[in-house]
Participant: 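Sending over a structure as structure tokens; questions will come in a sec.
Predicted model, so just to flag it, every value in this text is computed and none were measured. Just so you know, ligand 1 is whichever comes first in the structure, and atom 1 is the first atom listed for that ligand.
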Amino acid sequence: MARALVSLDGLSVGDAFGERFFVSRELAQSLVEQRAMPRAPWRYTDDTEMALAIVQVLEDHGHIDQDALARLFATRYRNDKNRGYGGTAHDILQKLGLGLPWREVSAEVFDGQGSMGNGGAMRVAPLGAYFAGDMTRVVSEARASAEVTHMHPEGQAGAIAIAVAAAWACQWTETHGSARQLFEVVLDHTPAGATRQGLERARAWPLDASPSSAARELGSGQKVISEDTVPFAVWCAARHLDSFEEALWNTVSGFGDRDTTCAIVGGTVVLSAGPASIPATWLASREPLLLRV
Ligand SMILES: [Mg+2]
């Protein structure tokens, strides 16, 4: 649980930091170039709201109880709908709030394909931290956490990849594993499909290339789906396993779905770089977390 809470801090600070750069492209670019600290408070978004629900379910049940998770997603949504949820998420969460069964609601969106959005991945790093040490469990629990809203296999593959990356990052202070090893373990566990193919391209993209070139090659969440978000996020995390600040400044410079890429990278890199790697001013800028509802 302690590891999950560390990841949650990294995720929420990343989410709230990235969100502050949703300004015009020119302004965002110049702020990033100057590393101008966004003005506080930094309000967190749906990435954090949903991660908070996952953490509460883990605390109460010790595993992903999917019915409990669906209820908590819906409760948090009802309490505060203004957190930047996507259109389909609004639809799903309203239906869950009406008590409709999550398995049907999650399966029926996008003409019965289910969502391949990046929402399963954006909220899952604390789960990877919680089950670190048992990768089989990390994979099954990550899939279970995604299914509640993302029935499409790609939506689940993204969640699995990020949970595995977070679990691997927990051991980093002892192993100092390489970026290559991070990609190996993530690829070993991510099911075949477009997200995994993107991860293979990310592994091949040089780590000394610029984040903007990686964003062009891999996508940085412009389509808000797993395959165009997760590979770039893992590439950014792999590049800066030892520095939360460097990781986030580089991640946000890919623009795209910047609250979510920064949430994923923040929730992962804080586990390798350690909780003290989040600057105190950044933590203080993020609005306080409403941990339980
Ligand atoms: Mg968001």
Participant: Measuring to the Mg ion (ligand 1), does D15 have an N/O/S atom at a distance below 2.8 Å?
Facilitator: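 D15 does not place any N, O or S atom closer than 2.8 Å to the Mg ion (ligand 1).
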Participant: Restricting to N, O or S atoms of D259, which is nearest to the Mg ion (ligand 1)?
Facilitator: OD2
Participant: Taking just the N, O or S atoms of D47, which one is nearest to the Mg ion (ligand 1)?
Facilitator: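 Result: OD1.
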Participant: Does D257 put an N, O or S atom under 2.8 Å from the Mg ion (ligand 1)?
Facilitator: no
Participant: To the closest 0.5 Å, what do you measure between CZ (F73) and OG (S145)?
Facilitator: 7.0 Å
Participant: Strictly under 2.8 Å, is any N, O or S atom of Y85 next to the Mg ion (ligand 1)?
Facilitator: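 No, outside the cut-off.
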Participant: Side-chain donor-acceptor pair under 3.5 Å between D15 and T48, yes or no?
Facilitator: yes
Participant: Do we get R258 above F22's six-membered ring, with its NZ or CZ under 6.0 Å from the centre and within 45° of the axis?
Facilitator: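 Pair R258/F22 counts as cation-pi.
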Participant: Is any side-chain heavy atom of Y130 closer than 4.5 Å to a side-chain heavy atom of V138?
Facilitator: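 No; the side chains remain at least 4.5 Å from each other.
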Participant: Any luck finding a side-chain donor-acceptor pair between S226 and T195 under 3.5 Å?
Facilitator: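 Yes.
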Participant: Report yes or no: does D46 have an N/O/S atom closer than 2.8 Å to the Mg ion (ligand 1)?
Facilitator: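 Yes, D46 qualifies, because one of its backbone or side-chain N, O or S atoms lies under 2.8 Å.
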